[in-house]
Each structure stands twice: as structure tokens, then as C-alpha cells.
K.L.:
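Here it is: the structure, laid out below.
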Amino acid sequence: FLDFLEAGLVDRRESTVNWDPVDRTVLANEQVIDGKGWRSGAPVEKRQLTQWFFRITAFADELIDDLDTLKGWPERVRMMQANWISRSTGLKLTFELSGALASHIDPSDGLTVYTTRPDTIFGAAFCAVAPDHPLAQAAAKTDEAAAAFIAECAQLGTSEQALEKAEKVGHRLAIDAVHPFVNGRKLPVYIANFVLMEYGEGAIFGCPAHDQRDLDFARKYGLEILPVVRPSGHDGPFEIGAEAETGDGVLVNSTFLDGMEVASAQAEIIRRASEGGFGEAKVNYRLRDWGVSRQRYWGCPIPIIHCDTCGIVPVPRESLPIALPETVSFDTPGNPLDRDDAWRLVECPQCGREARRETDTMDTFVDSSWYYARFCAPQAETPTDLPSVGHWLPVDQYIGGIEHAILHLLYSRFFARAMHATGHLPEEAREPFPSLFTQGMVCHETYRTDAEGWLSPDQIERRDGGVYSRASGAAVEVGPPIKMSKSKKNVVAPEEFIEQYGADTARWFMLSDSPPERDVEWSEAGVEGAWRHLQRVWRLVLSVAGGGRPKAPASDSAALKAAHRAGHTVTEDIAGFRFNRAIARLYELTGQLASAKEDDPGKAEGVRILIRLMFPFTPHFAEEAWRKLGGKQTQILAKTAWFEPDPAFLVEDLLTLPVQVNGKKRGEISVPADASSAEIEQAALALEAVTKQLQGGEPRKVIVVPKRIVNVVV
RNA sequence: GCCCAGGUGGCGGAAUUGGUAGACGCGCUGGCUUCAGGUGCCAGUUCCCGCAAGGGAGUGGAAGUUCGAGUCUUCUCCUGGGCACCA
């Protein structure tokens, strides 16, 4: 924290924050989901507080640009992060003001707006500021109607539904903005409910013809709707209907811009505004700095002391780390650190006078943002040990749930960059997790009754087509399958399941059922198949145990060939996280081995390979089978190298090729792997199914795709 | 509204990335084993016609590209997710 502070990556400022009334603490933007606290689920309130921030926006460009380098990440996670950071490029433009301005506003400041469509400046019909914009606030001091309007906006709320229904309304101020490119043209200035103080400059110019919100607003207040971009593929005059024209096109009604494409018109306006000294190109982000102050005991202390004389003083490094007080009372709501004077009151490290510790603690996401770096050398005296992080990082393969797509994964990416900037991580670890796998969540439906609240699956029973509480007999309200969680009690305790089938059957079953990245609704249907499989393999093991290894290489063994081939695909499937497919292949191999001839010389070795391939899925079972197969001299499987198939077994000498007529399969041929196209064609045309279709005629064309297929076109 | 995924048998899901659709498992049907149930083993199981051989249809829907489309293109309908008065 102190290093970040020195590097200018930490900020303290007053701002409007998200306040969780249940957890009684501040939340970062990322931690507000649909207007509710991510942990408590309580509707979040707005408060003005002085807070510590990590300047994640300092890396906004990098965080968005480097997403392209994350080839090992799921596309949707990259998309979600790009969406969250959301960069836009445009023009920051300052209008001169005229009119009856409140006395305490300096008219020479003008009105600064942000736009991504500078090309539409000639279609501008009005300017609007956010209700909490300084201009609006100043007006409210003398203009009662303005004050009332602002209060009304605050009341409306920011929930989705409220926004959906809210009409675009405004309050006309007694000032005008002077159009920078049209002599004598003045734009009325409004306070408008749809302009946000948090984004851009908190002020806009409105071009009704080419922005839907501006169009709605203009229609309501009878403002001019002047189209300035003629849509591509459109000739002659045209009118704006119910919808604004937001697409590309050619500029019209725009004096020196007429005839230009949108992109070059934008560049031209930015150039002229910059030259004129009233505007500049500006990049804006949706991403906000990360507020890390939390008003609670359970968190890492922020190493800052507040002194009335010296102001904000960092805790000297030699007195780090700061330990939290161990005797603490949670009887009263609020942060106990605020009440603990023995801990809170300290000497100022600079002037020695009485001062106070910062009692806010850090968001716990701070800790999870760099644990992987600390874990490389957990005993080190410094936050990280450079040789160790240099050796281990970045993390080769990261695995986590999709719910961390923005929160944890974005914070960690920021932290790695900030730690690199402050010398705690090497360049190679700027991007902490080059490869990410997002596993799915295990879901289950939920059960509740009004009297008993949430019920677990073993507290309910199904009878007569209904669902009832075992305890009370009351009818149960059944909810859709959602992620298992303790609070909703929709969890299945694994103990009973393991008791009945064994841990290895449970593992095998769970991995066999569906791809790991997919959400699954938990069901025990199908576990019998897993159980049967282990029984079957065990019988197979017993049948070959004691047979010993074959003396001579059994190259003509069908069992051995099948095992080596399975070894090849299973290895690839495991590496690609396709566990369900690997298991399907092992089921297949088991069948092949079980039906191998008694005198197959490679059968015992095939079973040994099967056991080795099963080991990652059913470790206990496999070790036991391994011992049964191998006798005392065999090393345990956990210490045995992974099976490597012999390439000699992977080559086919005889191929079965499907034969199509006009793209429809009519038969198949068996040909040597090295057969020429001509030979294959000949064999295909000799097929009865093909000659029947040809009816004595010649094929128009024969397509032979080596090792794949033959298609006869008639 | 914008941006992503995804839609395949009764179910979970495969399909070598344009080349035999439905691997493997569950379930179901029939048979063998058994006094019986279960286990185990064998056979069948996308749909329609047919005793069978065989034929026809078929990957949400419509069209297109191709010798060949679950896979590519366009439109469209549904489901899930992300973002959202972001100027």
C-alpha cells in the first residue's frame, strides 16, 4: 500500500460511494450487482464519504488492450472485462456561455461537455448538465424551480425499472451555450435527468437527429431536429422518424464538413477545436477507480495515521505490519476499530503529537489480488521474493468460477501491473494468469416454506406429484436450479453419497457426466454406470492378475493396440480439460479389453495401461488394482510416470472409408492405408450400392479425400 | 437497446473443426443366468414405412454456399449470460 501510495497509485478523496446498509460498509462498483450488494444482497445506497482508492484507471488502456494477448482465456471473460472497462474516444469541448448567470459562476469557465460524435456538432440543438453538475448546483441556489427539479431527479432512483420508465425531462436554465462554429447560434442549456455526473464531463451537447435520448428530449421540448449525417446508401433529402440515425454516412448541413465521412469529420472537428483552444481529443472509460476502504474490523489495516498537524502520514515501514486489536466487541453496530481508542490513538510519526490511526480496513479483494505472488515465498521478509516470483510466475493455469470474471480477475490484473511498477514483480508477471479455465457451477433446485424458510434436499419428500416438508408436512415452494449455497440450503452433502458408492466412484461419476466448464444440475441419475464400471474393471484386474508381463512385445495384440490408442486420446483429452470424453474413452477401452480373447498376449498389459489411465480419476481404486496386478516389486502409481503410448500402435494399416453417392452414405470400403486415390476410387465404384445408383452409367465425378471419405457424384 | 454464448434422441452429452450425426453413460425393451429379486452377461434402442432386406426424413426454423453442412453465410425464433439514459 505504501509503495503504491508513493507511486501515485493510491488516492484519497471524497466521493459518492455505494453503501451496503446490511454489511454497513462501502462497496466498489464491481461489487454492486443489479443495484444490490454482492454479499448481502441488500439494495445499495449512495453516500458521500472520504475514501481510499486504488487507481485502477491508470492502467485502463493496458487492461483493455492486453486482453488480446490472453489467448488462454475464455472469449466471454475477455468480453466481459472489455465491456466493464468500456473505452470510448471522443472530444472534450468547451462552450462559451451567455445569459443571466448566477453571480458565483465564472462565465469564462464556459461549459465543458464530452461527446463521441463531434461530427454531429452542426446538428446540436441544446446542451444539458447532470443534476449534480456544479452549474446546476449553482443555479439551484437562486432558482427555486431548478432546486425542485434536482430534488425530483434524486428521488427517482437509479434502479433499472426506474430508468426504463423514466421520461427524459429537463429544466431550462437562464443561460445559453454559444455554438463554436456557427456565428450567432445559441443553444439552450438544461439540467437533464438522463445526464450522469460520473461519466465524461457530466454535461453533453444534444444532437436529436443522431441520438435517441436527445431525440426523445427534443421532441418533448420542441427543439430543432436537424439531420447532419445522411445514412450510407441513402440519396436525396430524408427525415428523422421515430428513431434517431446512429449509423455511418456522409455529412450534410454542416458547412465545411459537408461531403465528409463520419470518421474524417470527427477528426476535422477535433483538429479545429484543438487549434481554437476550446477542445481536445479525450478518451473516456466506464471503469472507475477501485474504492478499497471498508468500514469493518475484518480486513487488512490501512497503514495511515491522521495527524491534525501533519495531515496524512504513512505508518513507518519498520512498524509494519499493523496488528488488529485482539479483544474487540461487536455488540454495537459499526466498525469496532472506531471505538477502540487503545488501538486507534497513536503518536504522529512525524511530530509526535497525538494522532489517530486510519480505522477503515482494506477490501478483502485486495488480499486475493496478489496471494499467488506471496505464495511463491510465504516466509519472505518483503511482500514478494523476486527470485521466487521470477521462477514461478506467471501462473501457468488458473482455474476459477465465472463469477470472478470481473471482480477478482480484473483486480488481480491491476495488482500485478501495480506490483510490477513498484518493483515487486518482474515484467513477465505483469499479466498474472495467461491461461484461465472457468469451471461451471454445481446447481440444485431450492425448497422453502413460509414457516420453515429454506429447506435442504433431504428435508423434503415427494409424494402424490407434490413436494412437502418432512418435518411439517407443509407444501414446499420449489425454486429453479441455482448455484449450491449454504444460505439457500440447496446443497447435497457428499458424505452419504460417498458412503454408498465410495469416493472414487463419486469422482469418476462427476467427471464423466458433463464438460467441466458447464453448469450442471446435480443429479445422482447415472451413478450406477460409474459404480458398475469400477466393479467391471476390478473383475478384469482379477482375471489377468498373476499373468505377469508378456516376455516378447505383443505387437499383434488387439488389446494392447486398443490400450495404446486409448492412452493417446485420453492424454490429449485430459490436457484439454475434456474429462468427460477421456472417461468415455476409458469405458470403451474397458469393453475392448473385456472382450479380448483369452489368449491375447497383450491383455494383461492392456489392463495395466487401463489402470494407469484411470489413476487421475480414481486414485485409490487404481493403486489397489495396480498392486493386485503388479506384486510387491511395483512402485506405487502416484510415483510412476504417466503412460506414453508407443507410436507404432497408432498407425492404421487398414482403413474403413465411407462411400457416399451425391453426399449420401451408401456403403463403406476397407482399403490399405497406403492405397492410392485411383485404387480407392476403383474399390468404391465396385460397391454394389454404388453400381445400383449408377444404373450402368458413368459417374460425373468421384471425390476421394485421403483417409476420410469417397463421394461419387452421379 | 447493445454485446456474447448456446439450441443435437426420453436424459447427460459426443462428433477428428467442412467428411459415416447420435461415441460413451443413464434410462427403456427383449433374452440368457437365478427358486425369486438383484447382480452379471447377450441383443436392441433418433423418427417414419417394412417380418426383414431396404427405403425415406432428421442437429430450433427459413434460405444460401459446397461433391458434401450439426459445423460456413444471411435472415429468424427461443434459452442463458454480460453491459446499459456512458453522450
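Numbers restart at 1 for each chain; the letters A, B, ... are given by sequence-line order, proteins then strands.
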K.L.:
Rounded to whole Å, how long is the line connecting atom CD of E517(A) with atom C1' of A14(B)?
P.N.:
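Whole-Å distance recorded here is 13 Å.
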K.L.:
I want to check something: taking the side chain as every heavy atom from C-beta on, are R585(A) and Y587(A) in contact at a cut-off of under 4.5 Å?
P.N.:
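Not in contact.
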K.L.:
Identify all pairs in which a protein N or O lies below 3.5 Å from an N or O of nucleotides 27-34 of chain B, and state each distance.
P.N.:
{"residue": "G27(B)", "atom": "OP2", "partner": "R532(A)", "partner atom": "NH2", "Å": "3.2"}

K.L.:
Check every atom of G82(B), G40(B), C67(B) against the side chain of R539(A) and return the nucleotide holding the closest atom.
P.N.:
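Of G82(B), G40(B), C67(B), G40(B) is nearest to the side chain of R539(A).
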K.L.:
Quick one: what's the B/S/- string for nucleotides 17-23 of chain B, heavy-atom cutoff under 4.0 Å, read 5' to 3'?
P.N.:
S-BB--B
K.L.:
Would you mind classifying the nucleic acid contact of Y587(A) as base, sugar-phosphate or nothing, using non-hydrogen atoms under 4.0 angstrom?
P.N.:
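Sugar-phosphate, backbone atoms only, no base.
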K.L.:
If you compare every side-chain N and O of R213(A) against the phosphate oxygens of G1(B) (OP1, OP2), does one of them come in below 4.0 Å?
P.N.:
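For R213(A), the contact criterion (side-chain N or O under 4.0 Å from OP1 or OP2 of G1(B)) is not met.
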K.L.:
May I ask you to evaluate whether R578(A) reaches the phosphate of G13(B), defined as a side-chain N or O under 4.0 Å from OP1 or OP2?
P.N.:
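No.
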K.L.:
Pair up each side-chain donor or acceptor in residues 113-120 of chain A with any protein partner under 3.5 Å, not counting sequence neighbours, and list the distances.
P.N.:
{"residue": "Y114(A)", "atom": "OH", "partner": "S88(A)", "partner atom": "O", "Å": "3.1"}
{"residue": "Y114(A)", "atom": "OH", "partner": "S88(A)", "partner atom": "OG", "Å": "3.0"}
{"residue": "Y114(A)", "atom": "OH", "partner": "G90(A)", "partner atom": "N", "Å": "3.3"}
{"residue": "Y114(A)", "atom": "OH", "partner": "K282(A)", "partner atom": "O", "Å": "3.4"}
{"residue": "T115(A)", "atom": "OG1", "partner": "R117(A)", "partner atom": "N", "Å": "2.9"}
{"residue": "R117(A)", "atom": "NE", "partner": "D119(A)", "partner atom": "OD1", "Å": "3.2"}
{"residue": "R117(A)", "atom": "NE", "partner": "D119(A)", "partner atom": "OD2", "Å": "3.3"}
{"residue": "R117(A)", "atom": "NH2", "partner": "D119(A)", "partner atom": "OD2", "Å": "3.0"}
{"residue": "D119(A)", "atom": "OD1", "partner": "Q266(A)", "partner atom": "NE2", "Å": "2.9"}
{"residue": "T120(A)", "atom": "OG1", "partner": "R117(A)", "partner atom": "O", "Å": "2.8"}

K.L.:
Quick one: which residue pairs count as a side chain to side chain donor-acceptor pair (under 3.5 Å) with a foot in residues 70-79 of chain A, not counting sequence neighbours?
P.N.:
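The answer is E75(A)-R78(A).
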K.L.:
List in chain and number order the residues that pass ring pair (Phe, Tyr, Trp, His ring centres under 6.0 Å) with H404(A), two or more places apart in sequence or in another chain; answer none if no residue qualifies.
P.N.:
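Partners of H404(A) by the ring pair (Phe, Tyr, Trp, His ring centres under 6.0 Å) criterion, ordered by chain and then number, come out as H408(A).
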K.L.:
Decide, yes or no, whether a salt bridge links K597(A) with D600(A) under the criterion of side-chain N to carboxylate O below 4.0 Å.
P.N.:
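Here K597(A) does not pair with D600(A) in a salt bridge, since their nearest N and O are not under 4.0 Å apart.
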K.L.:
Of the options C26(B), A87(B), C83(B), whose atoms approach the side-chain atoms of I406(A) most closely?
P.N.:
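The answer is C83(B).
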K.L.:
Scan every strand shown for a Watson-Crick or G-U wobble partner of C75(B), both distances under 3.5 Å, and answer none if you come up empty.
P.N.:
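Partner of C75(B): G61(B).
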K.L.:
I'd like a table of atom pairs between the protein and nucleotides 43-46 of chain B - only N or O on both sides, under 3.5 Å - with the distance next to each one.
P.N.:
none

K.L.:
Tell me the interatomic distance from R666(A), atom CZ, to C67(B), atom P, rounded to whole angstroms.
P.N.:
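The distance from CZ of R666(A) to P of C67(B) comes to 19 Å, rounded to the nearest Å.
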K.L.:
Categorize R117(A) for me: base, sugar-phosphate, or nothing, with a 4.0 angstrom heavy-atom threshold over every strand shown.
P.N.:
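Touches sugar-phosphate only.
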K.L.:
If you find the nucleotide of RNA chain B closest to I204(A) and the one closest to R76(A), which residue's nucleotide is nearer the 5' end?
P.N.:
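Per heavy-atom nearest nucleotide, the more 5' residue is R76(A).
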K.L.:
Please name the nucleotide paired to C51(B) by Watson-Crick or G-U wobble geometry with both distances under 3.5 Å, or report none.
P.N.:
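With both distances under 3.5 Å required, C51(B) matches none.
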K.L.:
Under a 90° cut-off about 0 for the syn range, is U17(B) syn or anti?
P.N.:
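Syn, since the glycosidic angle lies within 90° of 0.
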K.L.:
Which residues pass the ring pair (Phe, Tyr, Trp, His ring centres under 6.0 Å) test with F497(A), not counting sequence neighbours?
P.N.:
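Per chain and number, F497(A) pairs via ring pair (Phe, Tyr, Trp, His ring centres under 6.0 Å) with Y501(A), W522(A).
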K.L.:
In whole angstrom, give the distance that lies between atom CG of L589(A) and atom C1' of G25(B).
P.N.:
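To the nearest whole Å, that distance equals 16 Å.
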K.L.:
Between atom CG in D132(A) and atom C1' in C85(B), what is the gap in whole Å?
P.N.:
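Going from D132(A) (CG) to C85(B) (C1'), I get 14 Å.
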K.L.:
For the side chain of S514(A), counting heavy atoms from C-beta on, which of C67(B), G13(B), A87(B) is nearest?
P.N.:
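Of the candidates, G13(B) comes closest.
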K.L.:
What pairs meet the salt bridge (charged side-chain N to carboxylate O under 4.0 Å, His left out) rule with one or both residues in residues 209-218 of chain A, with sequence neighbours excluded?
P.N.:
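Passing the test, one end in residues 209-218 of chain A: D211(A)-R213(A).
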K.L.:
Only pairs with both distances under 3.5 Å count, Watson-Crick or wobble alike; so what is the partner of U39(B) in this structure?
P.N.:
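The answer is none; no pair meets the criterion.
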K.L.:
Would you say the side chain of N29(A) lies within less than 4.5 Å of the side chain of R288(A), judging by non-hydrogen atoms?
P.N.:
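Yes, at least one pair of side-chain atoms sits under 4.5 Å.
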K.L.:
Does D573(A) have any side chain to side chain donor-acceptor pair (under 3.5 Å) partners at least two apart in sequence or in another chain, and if so, which?
P.N.:
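R578(A), R581(A).
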K.L.:
Say you draw a straight line from SG of C207(A) to CG of L223(A); how long is it, rounded to the nearest 0.5 Å?
P.N.:
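With rounding to 0.5 Å, SG (C207(A)) is 12.0 Å from CG (L223(A)).
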K.L.:
Look at all strands and tell whether R78(A) reaches a base, only sugar-phosphate, or nothing, counting heavy atoms closer than 4.0 Å.
P.N.:
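R78(A): no heavy atom of the nucleic acid under 4.0 Å.
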K.L.:
Tell me the interatomic distance from I402(A), atom CD1, to C4(B), atom P, rounded to whole angstroms.
P.N.:
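Nearest whole value for this atom pair: 16 Å.
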K.L.:
Got a sec, which residues hit side chain to side chain contact (heavy atoms under 4.5 Å, CB included) with R708(A), two or more places apart in sequence or on another chain?
P.N.:
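Partners of R708(A) by the side chain to side chain contact (heavy atoms under 4.5 Å, CB included) criterion, ordered by chain and then number, come out as V705(A).
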K.L.:
Mind checking whether R532(A) and T505(A) have side chains closer than 4.5 Å, heavy atoms only?
P.N.:
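The answer is no, as the side chains (C-beta and beyond) never meet within the 4.5 Å cut-off.
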K.L.:
Could you check Q535(A) against E201(A) and say which one's nearest nucleotide on RNA chain B is further toward the 5' end?
P.N.:
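That would be Q535(A).
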K.L.:
Rounding to an integer number of Å, can you tell me how far L586(A) CG sits from G13(B) P?
P.N.:
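So the two atoms are 20 Å apart, to the nearest Å.
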K.L.:
Return the pairing partner of C28(B) with a 3.5 Å limit on both distances, Watson-Crick or G-U wobble; otherwise return none.
P.N.:
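G44(B) is the nucleotide pairing with C28(B).
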K.L.:
Could you check how far CD1 of I583(A) sits from C1' of G25(B), rounded to whole Å?
P.N.:
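That distance rounds to 10 Å.
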K.L.:
With both distances kept under 3.5 Å, what pairs with A23(B), Watson-Crick or G-U wobble?
P.N.:
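Pairing partner, where one exists within any strand: none, as none qualifies.
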K.L.:
In the structure shown, which nucleotide is the Watson-Crick or G-U wobble counterpart of C2(B), with both distances under 3.5 Å?
P.N.:
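In the structure as shown, C2(B) has G82(B) as its Watson-Crick or wobble partner.
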K.L.:
Report the base-pairing partner of U8(B) (Watson-Crick or G-U wobble, both distances below 3.5 angstrom), or none.
P.N.:
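Matched U8(B) with nothing under the 3.5 Å cut-off.
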K.L.:
Reckon R288(A) has a side-chain N or O less than 4.0 Å from the OP1 or OP2 of C86(B)?
P.N.:
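So the side chain of R288(A) is outside the cut-off, no N or O lying under 4.0 Å from OP1 or OP2 of C86(B).
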K.L.:
Could you work out which one of A14(B), C67(B), C4(B) sits closest to the side chain of P515(A)?
P.N.:
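Nearest nucleotide to the side chain: A14(B).
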K.L.:
With syn defined as a glycosidic torsion within 90 degrees of 0 and anti otherwise, which applies to G9(B)?
P.N.:
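For G9(B), whose glycosidic angle is within 90° of 0, the conformation is syn.
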K.L.:
Within less than 4.0 Å of OP1 or OP2 of A87(B), is there a side-chain N or O belonging to Y199(A)?
P.N.:
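Yes.
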K.L.:
Counting side-chain heavy atoms from C-beta on, which of C86(B), C67(B), G56(B) comes nearest to K664(A)?
P.N.:
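Of the options given, the side chain of K664(A) lies nearest G56(B).
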K.L.:
Quick one: label V195(A) by what it contacts on the DNA or RNA (base, sugar-phosphate, nothing), any heavy atom closer than 4.0 Å.
P.N.:
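Base, at least one base atom sits under 4.0 Å.
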K.L.:
In whole angstrom, give the distance that lies between atom CD of E521(A) and atom P of G12(B).
P.N.:
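Interatomic distance, CD of E521(A) to P of G12(B): 10 Å.
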K.L.:
If the plane angle is over 60° it's perpendicular, under 30° parallel, otherwise tilted; pick one for Y190(A) and Y221(A).
P.N.:
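Judged by the thresholds at 30° and 60°, the geometry between Y190(A) and Y221(A) is tilted.
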K.L.:
Output all residues satisfying side chain to side chain donor-acceptor pair (under 3.5 Å) with E30(A), sequence neighbours left out; order by chain, then residue number.
P.N.:
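E30(A) satisfies side chain to side chain donor-acceptor pair (under 3.5 Å) with W84(A), Y411(A) only.
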K.L.:
Considering only A87(B), G40(B), G13(B), which nucleotide approaches the side chain of R518(A) most closely?
P.N.:
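Taking heavy atoms from C-beta onward, the closest nucleotide is G13(B).
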K.L.:
Who are the side chain to side chain contact (heavy atoms under 4.5 Å, CB included) partners of H564(A), not counting sequence neighbours?
P.N.:
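L560(A), I609(A), F643(A), P645(A), D646(A), F649(A).
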K.L.:
For S512(A), which contact category applies under a 4.0 Å heavy-atom criterion: base, sugar-phosphate, or nothing?
P.N.:
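If one applies the 4.0 Å heavy-atom cut-off, S512(A) turns out to touch nothing in the nucleic acid.
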K.L.:
On the side chain of K168(A), is there an atom forming a donor-acceptor pair with the base of C85(B) - under 3.5 Å, no angle test?
P.N.:
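When only heavy-atom distances are counted, K168(A) does reach the base of C85(B) through a donor-acceptor pair under 3.5 Å.
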